[in-house]
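Working notes, beginning with the structure itself.
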Amino acid sequence: MTETAVKTRRPPLWEGLRKAWAISGKDMKIYYFQPAVLIFGLVFPIAIFFAFLMGRDVQAVNLFPGLIALTLFFSTTTVAPFSVPWEKMNRTFERLLFAPVSMFDAVLGKVVSAFLFGLVISLVPLAIGLIFFGSRISNYPVLILALLLGNLCLATMGMLISTVNADTPPKVMMVLNVVRLPLMFVSGIFLALPTLPTYGRVLAWFSPVSYAADLLYKGMGFQSYFGVLISSLMLVAFTAVMFLWSIMRMSAWNK
Amino acid sequence: MASSIEVRELTKYYGSLLAVDHISFEVEAGEVFGFLGPNGAGKTTTMRMLTNLTRPNEGSATILGMDTVRDSLAVKAAVGIVPEASNVFFELTTLANLTFTGALYGLPRKRITQRAEELIELFDLVPHRDRKSMELSLGLRRRLTIAMSIMHEPKVVFLDEPTSGLDVESARLIRDIVGALRKNGVTVFITTHNMEEANQLCERIAVINHGRLVAVDTPERLKQAAAEAQAVEVAFSRELSGDEEEKLSKMACVGEVRRLGDKYHLIVSDPPCVLRALYPFINEHGLEPIAINTYGPSLEDVFVKLVGKEKEPA
Ligand SMILES: Nc1ncnc2c1ncn2[C@@H]1O[C@H](COP(=O)(O)OP(=O)(O)OP(=O)(O)O)[C@@H](O)[C@H]1O
Ligand SMILES: [Mg+2]
């Protein structure tokens with residue numbers, strides 16, 4: 001038997017990254033302006049925030065890191081749970097499987113489009129805070145770290161949630177909100193972490209949102225609860241675990 | 001040259017359902033290979049296993065010498081896939097669907113634009129170039145799906161019922177394109193339940209039923225296998241009475257009579273013998289024949305024969 005097969009050379013890294021970027025670009029074109037994405041990713045967090053702000057006599061400036069965390073959390077986690085089931089339903093997701101695209105690159109492409117969406121949208125409350133409510137940035141590197149790592153981690157979380165076994169976008173969105181709403185209350189969004197009751201502070205350790213919020217507080221002149229190093233490491237760790245888990249779940253799909 | 005596709009004992013279970021049952025076959029390089037079978041026979045499942053969209057439970061397959069599971073990325077780079085349902089991105093234009101596909105296959109940017117325009121031309125999609133796919137008709141989407149599958153000029157193309165549900169015009173365009181692929185030395189694996197299509201396009205045909213291969217051969221040789229099933233088709237200017245129908249079926253050399261619309265299909269093994277008996281019958285009953293045709297064994301007969309005798313296990 002002649003083994004004429006060309007030995008499968010691993011394609012160079014950048015080739016994979018180019019494909020991932022093509023997937024991101026396609027997602028941006030298609031999903032950023034979907035009503036469901038805009039409502040859950042933009043209108044929803046802002047509405048919740050103002051509802052919360054209204055009834056209390058806290059100084060708004062103290063709430064801005066929380067608002068930014070909330071917006072970032074909601075916008076970033078919305079994209080993949082909409083696009084992935086939508087593409088599975090229309091069988092367009094299979095297009096990524098027809099092509100020589102590794103699951104790593106496919107997941108990366110999806111995560112990056114969500115990451116950029118969240119990044120842009122989280123700048124909105126930041127700008128509002130800086131311009132109208134007297135927020136200030138006390139530590140640029142930490143703030144930038146917060147936005148980058150926070151968005152990346154939560155984009156990955158959205159990706160992981162989008163892999164649940166549900167066949168339509170609304171069902172996946174429901175699962176998404178079941179996960180998101182409770183996390184909102186134990187992550188230092190409305191109440192800074194040190195002021196949470198004990199069980200809240202314990203639960204906060206399990207929420208990636210806590211670490212994003214913590215870095216945001218630090219970057220905007222407040223106390224960090226976990227410390228910058230721990231928060232950053234936890235975000236990286238959550239990202240890595242959820243990313244790999246997403247790849248595993250996606251690889252098993254429809255086999 | 002060696003085989004393009006080699007399949008060994010490929011098997012797929014869905015739970016306890018045996019969808020594909022230890023099938024083996026080879027497809028030569030540059031061949032157009034038909035995969036024919038009734039609904040639920042396992043055609044799509046086989047195709048999905050060959051393109052590593054579904055994992056086989058047993059057996060293996062190679063494409064261009066590469067294992068479909070172990071070398072799946074290399075296999076994917078070498079093959080084009082047209083799935084059963086046209087899965088284009090509704091929100092993207094014809095052009096954007098093609099360019100995105102090109103990017104997924106890692107083509108250089110210049111080549112992507114060039115190739116996309118080339119395919120838009122080839123598939124008669126010029127007026128639809130900048131329309132979103134959700135606005136396209138079924139036939140146009142089908143064409144776009146096929147165009148996307150050959151964006152990267154694959155050596156092997158898998159088409160799952162490429163023409164089903166299309167009008168004559170679109171179906172012909174697609175068949176012409178398959179013909180062109182063959183000319184360029186591309187190996188084509190095509191599933192269908194359209195006998196005539198398989199007959200026209202394919203050099204060899206595999207017939208699959210209940211997950212098992214029941215025959216693999218050229219269309220002509222498959223037809224010879226059903227040689228006793230030739231037919232004479234006759235249409236009269238008026239409806240036959242029950243009595244006359246009865247007589248027709250008892251006529252010399254006639255095996256079986258099937259009524260098809262306004263025609264009678266006489267299954268025979270010796271057409272001239274029936275024709276000789278038919279004229280006295282016509283005169284006797286004062287009939288006027290408006291059409292008489294004789295048919296050699298059709299692939300349909302072959303199919304009915306092969307698939308019919310493989311009745312569902314009781
Ligand atoms: N994902 C699945 N889960 C469970 N059973 C399946 C699945 N896909 C196919 N089957 C079953 O496997 C068998 C073969 O299906 P397959 O789709 O391969 O047939 P087919 O020959 O392509 O039929 P058709 O002509 O209708 O397209 C059928 O009985 C089908 O119900
Ligand atoms: Mg099928």
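Just so we're clear, the structure is a prediction, and the values are computed from it rather than from any experiment. Chain naming here is simple, since letters A, B, ... match the order of the sequence lines and numbering starts at 1 in each.
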With respect to chain A, which residue among B:Thr51, B:Leu92, B:Val79, B:Thr99 yields the maximal number of heavy-atom pairs within a distance under 4.5 Å? B:Leu92
When B:Ile81, B:Thr54, B:Asp67 are compared by non-hydrogen pairs under 4.5 Å with chain A, the top option: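 Ranked by contacts with chain A, first place is B:Ile81.
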Has the side chain of B:Lys76 got a donor or acceptor atom that lies under 3.5 Å from a matching backbone atom of A:Leu97? yes
Under the 3.5 angstrom rule, does the side chain of A:Arg91 hit a backbone N or O of B:Ser86 as a donor-acceptor pair? no
Would the number of heavy atoms belonging to other residues, nucleotides or ligands and lying under 6.0 Å from [atom1] of [X] be above 12?
X: B:Leu138; atom1: CG; value: no
X: B:Glu121; atom1: CD; value: no
X: A:Phe206; atom1: CZ; value: no
X: B:Met134; atom1: CE; value: yes
X: B:Arg111; atom1: CZ; value: yes

Could you look at B:Ile63 and say if it's the side chain, the backbone, both or neither that has a heavy atom under 4.5 Å from chain A?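 No part of B:Ile63 comes within 4.5 Å of chain A.
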Chain A heavy atoms under 4.5 Å from B:Ala77: which part of the residue, side chain, backbone, both or neither?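 Both backbone and side chain.
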Can you name the nearest heavy-atom pair linking [X] to [Y], along with the distance?
X: B:Thr145; Y: A:Arg95; value: CG2-NH2, 3.5 Å
X: A:Phe98; Y: B:Tyr105; value: O-OH, 3.6 Å
X: A:Lys29; Y: B:Ala96; value: NZ-CB, 4.1 Å
X: B:Leu104; Y: A:Ala99; value: CB-CB, 3.8 Å
X: A:Leu96; Y: B:Phe100; value: CD2-CZ, 4.0 Å

N-O pairing of B:Arg48 and A:Glu94 below 4.0 Å: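 Between A:Glu94 and B:Arg48 there is a salt bridge, with a charged N closer than 4.0 Å to a carboxylate O.
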Min side-chain heavy-atom separation B:Glu91-A:Trp86 under 4.5 Å: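 Sidechains of A:Trp86 and B:Glu91: in contact.
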Could you tell me which of A:Gly25, A:Gly109, A:Pro100 has the largest number of non-hydrogen atom pairs under 4.5 Å with chain B? A:Pro100
Option that, when pairs with chain B are counted at under 4.5 Å, heavy atom only, ranks first among A:Arg18, A:Lys26, A:Glu87: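 Answer, by heavy-atom pair count under 4.5 Å with chain B: A:Lys26.
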